[in-house]
A.B. asks: 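Sharing a structure with you now.
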Amino acid sequence: MTRIVTAMSERGGSDIGLASSSLLGSLRSRGALRWYPGGIIGLIWLANTAVPLFGAYPDASTRIVIVLLFALYALAFLVIAPLNWSIRQPLRPLLPTGLFALSFALWPWMGADIYLLWVYVGVAAAMSHVRFRVIVAYTAALAAATLLFAWLAGQRDDSLFYFPAFLVSITLMMASFARVIGSMNQLRATQHELARLAVEQERSRVARDLHDILGHSLTVITVKAELAGRLIETNPAGAAKEIAEVEDLARGALADVRSTVSGYRGMSIASELANARSALESGGIVADLPGSVDAVPAAYRELFGWVVREGITNVLRHSHATHCSVELGGSFVQVTDDGRGAASTDGSGLAGLRERVGAAGLTMSADSLPSGGFRLRVSS
């Protein structure tokens with residue numbers, strides 16, 4: 001019986017064997033292939049019921065008919081559960097009921113003893129994963145019919161209740177086991193989905209971090225390379241200094257990319273302010289930056305570092321500003337410039353920053369100022 005119970009698809013959902021939307025596909029599903037061996041083992045009882053008929057009916061043609069009917073009954077039992085896994089819930093009791101009706105084809109030879117075959121009806125209904133209240137009502141009706149036919153077959157006293165009790169217990173047990181395995185499959189599917197979402201989130205994190213790192217670093221490298229190009233004839237020493245800084249920036253960006261891919265890169269508001277001062281001065285922008293980050297709680301220092309990096313990157317890229325200021329507090333950070341106020345608020349950099357800010361439970365605004373310029377602000 002354990003093998004029968006485990007004959008289910010590993011696909012999640014309420015339908016334990018559903019692996020294909022077509023009827024023929026359901027017969028070849030993973031759940032069906034797991035069901036067949038256990039179902040065949042369970043048919044030993046059916047063979048035990050059929051063998052005594054051979055002694056009672058020695059005629060060859062009669063035996064052939066009996067064998068064919070038992071084979072048809074066995075085949076129907078094996079395919080009912082996989083077929084039911086691919087059809088709607090309200091229709092699922094129909095196929096086990098058809099198996100019940102098929103048992104009457106053996107009435108000419110078995111008579112009222114056909115009730116001995118109905119345990120397969122109960123198991124087929126249980127493995128069809130119908131609603132539990134439906135299977136309880138179905139089992140009660142089947143047990144009542146079994147009780148009646150056992151009485152017609154001559155069972156009396158306590159023996160009258162043996163087979164109905166066995167049928168009820170095996171049917172409800174299989175229905176309960178089917179639901180346990182179905183719940184396990186749902187949990188397994190949920191685990192797979194959570195793993196998939198975790199992978200997607202990690203890919204988004206890496207993509208966002210790479211954009212933030214490379215976007216900022218390459219912008220600063222571009223500014224410094226342009227400055228070095230202008231100084232190379234008039235101030236070779238200054239140009240060499242800028243080229244050396246470009247080299248350092250490139251090495252730092254490469255290290256950041258490697259650590260980001262590894263998942264171990266951190267962010268410091270203090271280092272970002274230092275980088276911002278150097279980048280703004282190289283771009284000919286007056287920098288008004290705080291001299292200390294002591295007012296920023298430790299929980300916000302990494303996030304505020306990202307805000308400063310993205311804000312300064314946008315100033316260098318888009319603003320054409322002459323002045324840029326950064327303000328820090330215990331619950332806010334603000335980057336303001338006096339440029340044309342046209343920085344895009346829909347770019348992937350600001351979108352990624354908005355995700356970070358939202359995850360930290362803060363709010364972010366990025367908009368042009370009435371007096372001109374642009375302001376990026378994150379606050380609680």
Side-chain angles (χ1 to χ4, degrees), residues 194 197-217 219-220 253 256-257 259-277 279-280 285 287-319 321 323-339 341-380:
L194 289 175
L197 291 176
V199 170
E200 289 185 359
Q201 290 175 352
E202 181 63 12
R203 287 174 178 171
S204 297
R205 181 196 70 81
V206 171
R208 182 183 62 210
D209 288 0
L210 287 178
H211 171 274
D212 293 344
I213 293 167
L214 295 180
H216 173 79
S217 299
T219 298
V220 176
D256 280 345
V257 169
S259 58
T260 295
V261 173
S262 300
Y264 294 109
R265 182 179 55 82
M267 170 65 67
S268 167
I269 178 64
S271 63
E272 287 305 312
L273 287 173
N275 293 336
R277 185 179 300 279
L280 291 171
I285 301 173
D288 182 7
L289 306 179
S292 171
V293 297
D294 293 341
V296 181
Y300 289 161
R301 291 192 176 187
E302 179 178 351
L303 175 63
F304 285 6
W306 285 113
V307 176
V308 170
R309 170 172 285 197
E310 181 62 28
I312 298 303
T313 299
N314 283 336
V315 169
L316 293 170
R317 282 180 174 176
H318 307 295
S319 70
H323 182 273
C324 175
S325 66
V326 176
E327 299 175 57
L328 284 175
S331 60
F332 77 94
V333 58
Q334 179 173 289
V335 180
T336 309
D337 66 70
D338 63 351
S344 171
T345 60
D346 299 322
S348 57
L350 288 177
L353 182 60
R354 196 179 299 276
E355 291 178 6
R356 294 180 192 275
V357 170
L362 305 182
T363 58
M364 175 180 130
S365 62
D367 44 39
S368 298
L369 299 174
S371 58
F374 191 81
R375 178 178 62 193
L376 172 65
R377 180 180 177 86
V378 169
S379 61
S380 58

A.B. asks: In Å and rounded to the nearest 0.5 Å, what is the CG to CZ distance from D367 to F374?
C.D. replies: 6.5 Å

A.B. asks: Within this structure, what is the CG-OG distance for the pair L376 and S365, rounded to the nearest 0.5 Å?
C.D. replies: 7.0 Å

A.B. asks: At their closest point, which heavy atom of T219 faces which heavy atom of R317, and how far apart are they?
C.D. replies: OG1-NE, 2.8 Å

A.B. asks: Is it the case that the side chain of D337 and the backbone of H323 share a donor-acceptor pair, with hydrogens and angles ignored and the cut-off at 3.5 Å?
C.D. replies: no

A.B. asks: Over all heavy atoms of both residues, which pair between M364 and R354 is shortest? Give the atoms and the distance, please.
C.D. replies: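 The pair with the smallest heavy-atom distance is O-NH1, 3.5 Å.
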
A.B. asks: Tell me the closest heavy-atom pair linking I269 and F304, and the distance in Å.
C.D. replies: CD1-O, 3.5 Å

A.B. asks: What is the distance from atom CD of E302 to atom CZ of R356, rounded to the nearest 0.5 Å?
C.D. replies: 7.5 Å

A.B. asks: Report yes if some heavy atom in the side chain of P290 is under 4.5 Å from a heavy atom in the side chain of L273; otherwise report no.
C.D. replies: yes

A.B. asks: With the side chain counted from C-beta on, respond yes when L316 and I285 share a heavy-atom pair under 4.5 Å apart, and no when they do not.
C.D. replies: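 Sidechains of I285 and L316: in contact.
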
A.B. asks: Run the side-chain donor-acceptor check on residues 325-336: report pairs under 3.5 Å with partners two or more places apart or on a different chain.
C.D. replies:
{"from": "E327", "atom 1": "OE2", "to": "Q334", "atom 2": "NE2", "distance (Å)": "3.2"}
{"from": "Q334", "atom 1": "OE1", "to": "R377", "atom 2": "NH1", "distance (Å)": "2.9"}
{"from": "Q334", "atom 1": "NE2", "to": "T336", "atom 2": "OG1", "distance (Å)": "3.4"}

A.B. asks: Let me know which of L350, V378, T363 forms a side-chain contact (heavy atoms from CB on, under 4.5 Å) with V357.
C.D. replies: V378

A.B. asks: What are the two closest heavy atoms between A321 and G339, and how far apart are they?
C.D. replies: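 Closest pair (atom of A321, atom of G339, distance): CB-N, 3.6 Å.
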
A.B. asks: Is there a side-chain contact between L280 and I312 in this structure, where contact means two heavy atoms from C-beta onward sitting under 4.5 Å apart?
C.D. replies: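 Of all side-chain heavy-atom pairs linking I312 with L280, at least one is under 4.5 Å.
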
A.B. asks: For R375, check side-chain hydrogen bond (donor to acceptor under 3.5 Å, both in side chains) against everything at least two apart and list the hits.
C.D. replies: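 By the side-chain hydrogen bond (donor to acceptor under 3.5 Å, both in side chains) rule, R375 matches no residue at all.
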
